[in-house]
Amino acid sequence: MSSAYSISDPMDPFDSSPPIGSPKSLGSSPDCEPAAGRPTVLIVDDVAMNRKLLRLFLESAQFNVLDAADGVEALEILESHPGPIDVIISDILMPKMDGYQLCNRIRKHPKFNQLPFILYSSTFESPSNDQLCLAVGVSRFLAKPAPPEEIVRALTEVLRKPKPPAANWVPANDTAVLKEYNQALVRKLEEKNHELKETVAHLNQAKLDLHTYNLELEERVRERTEELIALNQKVTLLNATLEERVLDRTSELQAANRELESFAYSVSHDLRAPLRGIDGFARMLLEDYGSVLDAEGKRLIGVVCGEAKRMGKLVDELLSFSRLARQETRRLDCDMTLLARCAFEQIPAQTRGHIQSLKINPLPWVRVDSSMIRLVWTHLLTNAVKFTAHQPAASIEVGALAEDGFHCFFVKDNGAGFDPRYKHKLFCVFQRLHSEAEFEGTGVGLALVHRIITRHGGTMRAEGKPGHGATFFFTLSAAALSNAEPSLPLFSAISNEP
Amino acid sequence: MNPITPESRVEVLLIEDSPRDAELTKRTLKKHHLANNLIHLTDGQQALDWLMGEGEYGGRDTNHCPKVMLLDLKLPKVDGLEVLRAMRSDDRTRSIPVVILTSSREELDVIQSYELGVNSYIVKPVDFEKFSAAVAEAGHYWLLVNHPPI
């Protein structure tokens, strides 16, 4: 809108005449106090908003403005307005009396027949429309919406050259005008009708869509509600049966545990007895008939005994492995240095005689099941001792590192090592990376260690290369962190120099 | 079964269902001259009948008690713990020294045995040498070192 009243073209020949483009009158109210010397415009439009906008604009362009909502009201204002009215700008389609009729009436009016009359309408322009304009004596036709300056220009022009329409306007006879008018009106009405039909169609479609959406929405709400109700019922039911299920499951577990126990019991008892028989009777054979056997015969008996013992060891380790699953962990603050040292010392002296250097670095206290963790040290150290057996300068180092805020313990040896390609098999039951001839063993030890560490929420890993020793690492979870302080200074590195 | 004359006092009562284990045990004891007066029974019911002088042992003089009883836990009919329980609740047999000789190293068995007043609990090793050593040691202690109440 700002451009509407600020346009001022100095080259415009009409510029000086009506006081257009002078912004000083913005906001003045010519209706109450008509400014002298300004042209008075009568706006005729049935849409209040159109009237208001046009009034605002024309007032800012220094016009006195009057307005009417239809032709009838416009005529009344013409008759009754005390001052002069200089120009009319009118819409076409209006209730009571439309723009054409109004113009026709004015042209026939004895007093106002010279009044400039502008039709300002959004309805179409066409030759026949022009004809009608001419026939009824319209001074100018403006298509709505017109830019503000064009409206001002049109008003200025018709005011400046107030040619009596009579000069080029020969009042047609009423019948001709009426015919023309009717035709124009019919076209406009048809067009309006068409527009309306389209609008109605759109509205109907929208209504239909809305209805469909509504139905869909209702359906979805219903479905969702049903789902929720079903879920709710399920939850209620689950809740009701949860306790029952927990009890059931607990007793199932207890039964499974009992079964496992009795299985382990049978294994322990029934598998070991025949082995004892094999070993015992082979020995008896050797004792009673050794004199009639040659060296090979005696060797063979020795093999029988050895195998029976090995099987016995296997059964024992398997049992302790299965027992571990049933055993609860009882955590206590433990001195890991002490545990590791004791574990080493419990290895028979003749077995560990070849170890030239044992270094146990100070280890932190931890909160663990001491009997289980003692087994971990025993197995890891026994392994280190076993796999360094062929090493001329066998050495073992035990220590701890800080890893992600947890303790990471390790046992490092310079023994036979292992092929890292088979690393994944290290912690599986009965998996061995060395032959029985090289190093004896059952393949249960590391699986047992792994299980204990897992039970403590920790992890295990190993590093090694064939011939270059192995290092086994294990971490313990946060639950294993101990606040206990050693009451004595930590053991300094313990050396086992022979 | 060794024939026991009324005069000879039963020194060792072996309750063992496995003939192999029984033979190994007897051989070991014999080797150490500890099996002179040994009686071998093969199930829990037989053991109780012998101890209480019932059934096929009706009329046996129950005042004659063995110096030691070697008892297996897993036995037909009446198991070792049941035998032990019955013995400990009978005045005539309450004080007989009982050594459990079993394959089971299950903690529960050990605990229950001691609760029922066992005197020793020996887990039979698979290794015959170790087994022999254990049996000989037990036999030696209970027959020669220990002074029985009767």
Side-chain angles (χ1 to χ4, degrees), chain A residues 254 257-290 301-328 330 348 369 371-372 440 442, chain B residues 14-33 35 40 42-44 70-76 78-83 100-113 121-136 138-139:
Chain A
Q254 280 169 344
N257 228 12
R258 274 197 300 275
E259 218 165 89
L260 198 68
E261 265 171 44
S262 78
F263 171 75
Y265 185 89
S266 305
V267 168
S268 157
H269 194 276
D270 297 340
L271 284 191
R272 290 163 94 247
L275 291 171
R276 191 165 44 251
I278 293 168
D279 185 49
F281 283 84
R283 292 269 174 178
M284 281 159 64
L285 186 63
L286 201 62
E287 278 177 19
D288 297 352
Y289 299 93
I301 291 177
V303 171
V304 172
C305 294
E307 289 302 284
K309 274 180 225 162
R310 198 161 73 85
M311 176 86 185
K313 205 172 167 201
L314 212 60
V315 169
D316 283 351
E317 290 196 357
L318 206 54
L319 270 178
S320 59
F321 187 65
S322 89
R323 199 176 294 135
L324 200 68
R326 296 174 278 147
Q327 206 171 315
E328 276 178 39
R330 283 168 296 216
D369 186 308
S371 66
M372 289 190 191
E440 63 164 20
T442 54
Chain B
L14 174 65
I15 319 294
E16 171 66 77
D17 67 321
S18 155
R20 311 279 168 255
D21 276 3
E23 192 175 341
L24 293 173
T25 307
K26 282 191 277 186
R27 182 184 166 101
T28 303
L29 291 173
K30 216 176 273 169
K31 205 171 173 179
H32 292 87
H33 312 289
H40 171 213
T42 55
D43 71 57
L70 304 179
L71 178 66
D72 191 10
L73 282 185
K74 210 180 171 207
L75 291 168
V78 180
D79 73 29
L81 288 176
E82 285 303 310
V83 172
I100 298 286
L101 204 55
T102 177
S103 292
S104 166
R105 53 174 90 236
E106 285 295 300
E107 207 177 329
L108 195 64
D109 281 342
V110 182
I111 292 169
Q112 284 189 333
S113 299
Y121 191 102
I122 297 172
V123 178
K124 297 180 207 169
V126 166
D127 186 330
F128 178 63
E129 277 177 10
K130 288 180 188 162
F131 176 77
S132 293
V135 169

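In what follows, chains carry the letters A, B, and so on, assigned in the order in which the sequence lines appear, proteins first and then strands, with residues in each chain numbered from 1. The shown structure was predicted, so the numbers you read here are calculated from the model rather than taken from an experiment.
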- Query: How long is the span from the CZ atom in B:R20 to the CD1 atom in A:I278, to the nearest 0.5 Å?
  - Reply: 11.0 Å
- Atom group of A:M284 that falls short of 4.5 Å from chain B, counting heavy atoms: both
- Item | Flag for A:R276-B:S103: side-chain donor and acceptor within less than 3.5 Å | yes
- Item | Partner set under side chain to side chain contact (heavy atoms under 4.5 Å, CB included) for B:S113, not counting sequence neighbours | B:L73, B:L81, B:I100, B:V118, B:Y121
- If every non-hydrogen atom of B:V126 is compared with every non-hydrogen atom of A:L275, which pair is closest and at what distance? CG1-CB, 3.7 Å
- Sorted by chain and residue number, the side chain to side chain contact (heavy atoms under 4.5 Å, CB included) partners of B:V83 (sequence neighbours excluded) come out as B:A47, B:L48, B:M69, B:L71, B:V78, B:M87
- Item | Min side-chain heavy-atom separation B:R27-A:R283 under 4.5 Å | no
- Message: Heavy-atom cut-off 4.5 Å, strictly under: side chain, backbone, both or neither for B:K31 against chain A?
- Response: side chain
- Query: Under a 4.5 Å heavy-atom cut-off, does chain A meet the side chain of B:D21, its backbone, both or neither?
  - Reply: side chain
